[in-house]
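Computed from a predicted structure; not experimentally measured. Both ligands and their constituent atoms are indexed starting at 1 by order of listing.
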Amino acid sequence: MPRQASLLALFLCLLTAGVAPAADLSVADPRCEGLAEAPQVDTASPRFSWRLETKARDVRQTAWQLRVTEVDAAGRALAPTVESARTESDETQWVVLPGFVAQSRRTYAWQVRAWDNHGGASEWSSPQVFGAGLLGDKWPADWIGDGRTVERAKTMPARYLRGTFQLAKVPVRARLYVSAFGLVEPSVNGRPVTRDLFVPGWPDYRQRVFYVAYDVTALLQLGDNAWGAILGDGWYSGTMLPLHQYGPEPMFSAFIDLTDADGHVTTVTTGRDWKWAEGPVTMNSIYQGETYDARREDNRWNTVAGGGWAWQPVSVRPARRVYQSYTARLSPPVRRIETLHPVSRKEVRPGVYLYDLGQNMVGWARLKVRAAAGQEVTLKFAEMLGSDGQIYTANLRGAAATARYVAKGSGTETWEPHFTYFGFRYIELSGAGQPLDDAVEGVVVHTDLPRTGTFECSDDWLNKLYHNTLWGQKGNFLEIPTDCPQRDERLGWTGDTQVFCNTALYTMGAGRFYRQWLYALRDSFRDGPGGGFADTAPNTGHGHGSAGWADAGVIVPWTAWLHTGDRQIIEESMPSIQHAIELMANEAPDGIRHSPASYGDWLSPGFELFKAPPSYELIATAYLAHSADLAARMADLTDRPELAARDRAIHDRVKAAFQRAYLAPDGRIAGDVQTSYLLALAFDLVPDDRRAAVTAHLIRTFAEKDNHLSTGFLGTPLIMPALTAAGRADLAYTVLEQKTYPGWLFSVKNGATTIWERWDSWTPEQGFNKDGMNSFNHYAYGSVVGWFYDTIAGLRPLPEAPGWKHFRIAPTPGGGLSSAAATLQTPHGLAASRWRIEAGRMHLTVVIPPNTSADVELPATSAAGITLDGAPLGKSVAATGRTVVTLTSGEYTFELPAPAQ
Ligand code: BGC
C-alpha cells in the first residue's frame with residue numbers, strides 16, 4: 001500500500017503543478033455516486049460530491065473544476081485526463097463532469113478544486129479512485145456450484161471452490177468481479193480478497209444478482225495462480241424461512257480483468273475447470289448458526305498447491321442462462337465494526353459459562369479455545385436471561401442460533417463464523433472445559449455506514465434512549481433494514497423501515513443503503529388488485545399493499561432524498577410510486593380505501609393483534625392521502641406535471657372522504673384513540689376550522705391515559721411531530737419522559753440496552769410477554785429519536801433545499817432539560833446546535849457548514865434581549881411565535897431570555 005500511496009501522491013503533484021491556492025480553502029470528503037469507496041459504479045456519467053473546508057465564515061463556493069483520469073493500480077495514468085473548464089456554480093453535490101464517459105470495467109481517479117466568494121482557491125483534492133461497473137457489458141463468467149440440492153428448511157455444509165490460471169506477466173491492474181446466488185468469501189493465492197462480509201449481499205434473486213469488484217493486483221504472482229471461494233447458503237437457499245427459498249443450489253460466478261501496461265485487458269473466469277470440496281464449515285445457516293470442524297482445515301485449499309481434500313468437478317450453468325439482471329451493489333458492505341468485551345462471566349451449570357457483554361448487539365462471538373482434537377465447543381446466544389438466571393431463547397422461535405466449533409487440538413485456536421449472525425447480549429459457552437480468560441468477545445457486525453449524527457442532553461434517561469436506538473440501528477442495519485436481528489425473521493419489514501428511516505438518516509449516512517434496498521422494494525411490486533409494494537423487501541411472501549407498510553415505497557425515497565439531495569433515488573422509484581398510488585386509488589373510488597385488513601396500528605398496547613383501533617380502513621385512507629401528497633411533490637420535482645395533478649386530485653378526494661367519513665363536527669375522529677387524531681393532524685387531513693377541536697381531542701386522549709402514549713407502530717412515530725406542530729411540545733416532553741408503562745423510558749427503567757418490540761416485552765409483574773413474538777431489538781419505536789435531532793436540538797432539512805443546502809435550526813427546550821446538543825455531518829460538513837439554560841438565559845451555539853445557510857428560529861417572540869455573538873440581534877423576523885434569523889456558514893453564539901417551560 002505505501003507504494004500505491006506515494007505514486008498517487010506523485011500523480012497528484014504532477015497534476016497540481018502551477019496552481020496557487022489560497023491558504024484556507026480546501027476540498028474534502030470526495031464521494032463518487034455518494035460513496036467514499038466506489039468500486040463498481042454502474043453509470044457512465046457518475047456524479048461527484050465534495051465539501052469545502054475553511055475556517056472563514058460566510059463561505060460559498062463560486063466555481064469548481066473537475067478532472068478524471070483512468071489509472072492503474074499504482075495510480076499512474078493509463079489514458080489522457082478529462083478535465084472540465086472552471087465552472088461558475090455553488091453546486092458541490094451530485095455534480096457530473098461534462099464530456100466524461102466511463103468505460104465498462106475501467107478504474108479511474110477523480111479530483112476537484114474549488115473557488116469561494118472570498119477569492120480563495122483550493123488545491124486539487126486528493127484523488128479518489130472509483131471503478132466502473134459492467135455498464136451494459138455481458139457478464140463473461142459461467143456459474144459454478146456443487147450440483148447438490150438444498151432442501152427447504154435443511155442446512156448444508158458450505159462449498160469450497162477453487163480454480164487456477166497462469167500469468168506470463170504481472171498486470172498493472174487486476175480487478176476481481178464477484179457474484180453469487182448465496183454468500184461468498186473470495187480469496188486469491190490463499191489470501192482473503194476483502195474484509196467485507198456477506199458478499200455480495202441480498203437482492204431479490206428472482207429479479208437480480210448483485211456483483212462487487214475488488215482490486216487484487218497485489219495478490220497475483222508470475223506463473224501459477226490459484227483463486228477460490230467459500231460459498232454459503234446465506235439468504236438464497238432454503239434455511240431462511242421454512243417455505244421460502246429462491247433456489248435449490250447456491251452458485252458462484254467471478255472473473256478477473258487483467259490489464260497490461262499498454263492498457264490491454266485479458267479476462268479469466270470461473271468455469272468448468274473449477275473443482276469443489278467440502279471443508280471445515282460443515283453447516284451454515286443464517287437462522288440456525290454454523291458448525292466448523294477445524295480438523296478438516298487445509299490451508300493449501302485456495303493456493304496453487306491445492307491441498308488434500310476430495311476435489312470434485314463443479315456443476316456449471318452458462319452465464320447466458322442466468323436471466324436475472326447483474327446489478328452493481330450500491331450500498332457499502334457489511335463489515336466487522338467494533339468489539340465488545342464481556343462485563344461478567346459466571347459458571348451457571350457445571351462446565352457451562354455465561355458471558356454478559358453488557359449490550360444487546362448483533363454479530364457473533366470470536367472464540368478462543370485450547371482443546372483436544374475433536375472436542376466440540378458450543379456457543380448459544382440470547383438477548384435476555386430467564387428468572388432462573390439461564391439464557392432465555394424462547395423468543396428466537398425456530399432459530400437455533402447456535403455456533404459449534406470442533407477443535408483441531410493445536411494450542412490456542414481462534415474462530416469466527418462465516419455465514420450466520422446472532423442478536424444477543426449473553427453468550428453461553430459449553431464444552432470448552434475451563435475457558436481461557438479471553439475465551440469470547442462480541443464482534444459487532446453491520447453495514448459499514450459513516451456515523452453522521454450525535455445527540456446528548458442533560459437528561460441521562462433520554463441519552464440512554466438515544467443509545468438504545470443507536471444500537472437498534474446498528475443491529476438492524478445488516479445488509480438491509482430489518483425488523484429484528486435474532487429470531488427466525490430478520491426481514492426487510494417495510495413498515496418498520498418507513499417509520500425509522502428519518503431517524504436512521506440522521507444517525508448514519510444511509511442514503512446508499514436505502515437506495516439499494518429500494519431495488520428490492522421495487523422488485524417486490526405486484527400489479528393488479530391487492531398488489532403494490534410488498535410488506536417485506538426483499539419480498540418473502542408476507543403480503544402486499546398493507547397501509548403503513550407498503551407506503552415505504554413512497555415515504556423512503558422522499559425521506560432519503562430530503563437528507564441526501566440525491567434526486568436519482570426519486571427518479572428511479574417514480575414509475576412504481578405512481579403505479580402504487582394508482583392501485584390504491586382504484587381501491588378507493590369513493591375516497592375511502594377499501595382493501596383487505598392488515599396490521600393496522602401494530603402492537604398498540606392493550607389490544608390483540610389486528611384489532612387495535614382506529615379501523616384499518618381509516619388508517620389505509622389516511623396513509624393513501626399522505627402517500628398521494630408525497631407522490632405529487634415528487635412528480636413536481638421530477639418534472640411530471642400531469643402526474644402531480646393526478647396525485648393531487650387523488651389526495652384531495654381522499655382527504656375530503658376522510659373528513660366526511662371519520663371527522664365529526666365537534667372534531668372527534670372515529671376510533672377516538674390517539675392514533676386517530678395523530679394520523680389526521682400529522683397527515684394534514686383536518687380543515688383549518690376544526691384543527692383546534694381535533695387537537696383538543698388529541699390532548700384529551702393523552703389526558704385520559706395520564707399523559708401516557710397508547711399507540712402502536714403507526715401512531716407512535718407521529719406523537720412528537722403532531723404535538724409539536726400543535727404548539728404542545730410541552731406535552732410531547734411529558735409523554736416522552738414518562739417512566740411508567742407504556743412509554744419509551746419504561747424499557748430503559750427495566751435495563752434495556754436496545755429498543756424492545758413491545759411496550760411490555762418484559763414487565764416486573766408478568767416477566768416476558770407471553771405472546772411469543774417478542775424481540776428485544778426492534779427499532780420501530782426508536783423513531784422518536786428523529787425528534788431529538790429535529791426538535792430538541794432543532795436541526796431539520798427542508799424540501800426546498802434538500803441535502804442540507806439550506807436548513808432550519810429551531811431548538812426547542814422543554815421538559816426537564818437544561819441542555820441539549822446535536823451534531824450532524826451533513827453532505828456539506830458539520831452542522832450543530834447546542835443549547836443550555838442557565839440563570840434565566842438560554843445560550844445557543846449553532847454551526848452552519850460552508851456553502852450552506854440556515855434559518856435559525858429562536859424560541860422568543862421578539863428580538864428584544866437577544867444577542868448574536870455578544871451584540872444585539874439585528875435583522876430578524878417574527879414567525880409562529882419565534883424569532884427567525886437567516887445565516888450563512890460559520891459558528892454563531894446567541895443568548896436570549898430562557899423560554900418559559
Ligand atoms: C415483525 C414486525 C412487522 C410485523 C408486521 C412482525 O413479525 O417483526 O416488526 O412489521 O411482523 O406486522
Side-chain angles (χ1 to χ4, degrees), residues 240-244 286-287 360 362 383-384 394-399 401 423 468-469 472-473 475-478 480-501 503-504 517 520-521 524 532-553 555-556 595-605 607-616 619-620 623 675 711-718 747 752 754-762 768-784:
M240 266 300 284
L241 294 165
L243 293 175
H244 177 80
I286 300 270
Y287 290 161
N360 195 2
V362 173
E383 297 182 293
M384 299 287 280
N395 70 332
L396 304 182
R397 300 192 310 208
N468 292 359
T469 304
Q473 181 167 358
N476 286 293
F477 264 42
L478 196 151
I480 61 160
T482 56
D483 56 336
C484 60
Q486 71 299 77
R487 66 174 177 233
D488 53 354
E489 197 146 348
R490 316 185 198 185
L491 304 177
W493 279 100
T494 48
D496 310 45
T497 301
Q498 70 91 356
V499 299
F500 191 67
C501 68
T503 298
W517 180 72
L521 188 51
S524 79
F533 293 108
D535 300 347
T536 51
N539 177 15
T540 43
H542 285 83
H544 281 80
S546 295
W549 269 253
D551 298 271
I555 295 167
V556 175
S595 60
S598 194
Y599 317 109
D601 197 17
W602 189 244
L603 300 184
S604 177
F607 293 96
E608 275 177 53
L609 297 184
F610 302 99
K611 298 220 169 119
S615 71
Y616 179 72
I619 291 174
Y623 257 98
T675 298
T711 48
F713 271 35
L714 298 185
T716 302
L718 307 178
S747 66
T754 37
I755 303 292
W756 295 351
E757 180 170 18
R758 297 166 179 270
W759 296 118
D760 59 352
S761 280
W762 186 90
F768 293 105
N769 189 297
K770 305 266 177 301
D771 293 334
M773 193 187 68
N774 197 18
S775 146
F776 288 86
N777 194 356
H778 233 75
Y779 59 41
Y781 291 145
S783 56
V784 69

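- At a threshold of 4.5 Å between non-hydrogen side-chain atoms, the residues W517 and T494 count as touching.
- Between Y779 and F500, the ring planes lie parallel to each other; the angle is under 30°, not in the 30° to 60° tilted range.
- At least one side-chain heavy atom of L609 sits under 4.5 Å from a side-chain heavy atom of L603.
- The closest donor-acceptor contact from the side chain of N360 to the backbone of F776 lies under 3.5 Å.
- Among all non-hydrogen protein atoms, the one lying nearest atom 4 (C) of ligand 1 is W602 NE1, 3.6 Å.
- In terms of modelled atom types and a separation under 3.5 Å, the side chain of E757 and the main chain of S775 share a donor-acceptor contact.
- Set against the non-hydrogen atoms of R487, the atoms of ligand 1 under 4.0 Å away are 1 (C), 6 (C), 7 (O), 8 (O).
- A donor-acceptor pair is defined here as one N or O able to donate and one able to accept, closer than 3.5 Å; no such pair exists between the side chain of D601 and the backbone of T711.
- Considering both main-chain and side-chain atoms, Y599 never comes within under 3.5 Å of ligand 1 through any nitrogen or oxygen pair.
- Every atom of ligand 1 is numbered from 1 in the order shown, and the set under 4.0 Å from a heavy atom of E489 is 1 (C), 6 (C), 7 (O), 8 (O), 11 (O).
- In terms of protein heavy-atom proximity, atom 5 (C) of ligand 1 is nearest to W493 CZ3, 3.5 Å.
- Applying the 4.0 Å criterion to heavy atoms of D483 picks out, from ligand 1, the atoms 1 (C), 8 (O), 9 (O).
- Residue E757 approaches ligand 1 through these ligand atoms, each under 4.0 Å from one of its heavy atoms: 8 (O).
- The proximity of R397 to ligand 1, defined as any non-hydrogen pair under 4.0 Å, does not occur for either the backbone or the side chain.
- Of all protein heavy atoms, the one lying nearest to atom 10 (O) of ligand 1 is D496 OD1, 2.6 Å.
- The contact set between ligand 1 and F713, taken as ligand atoms under 4.0 Å from a residue heavy atom, comprises 9 (O).
- Using cut-offs of 30° and 60° for the angle between ring planes, the W759 and Y781 rings count as parallel.
- Distances shorter than 4.0 angstrom do not occur between any heavy atom of H542 and any atom of ligand 1.
- Within the 4.5 Å cutoff, the side chain of C484 has no heavy atoms near those of the N777 side chain.
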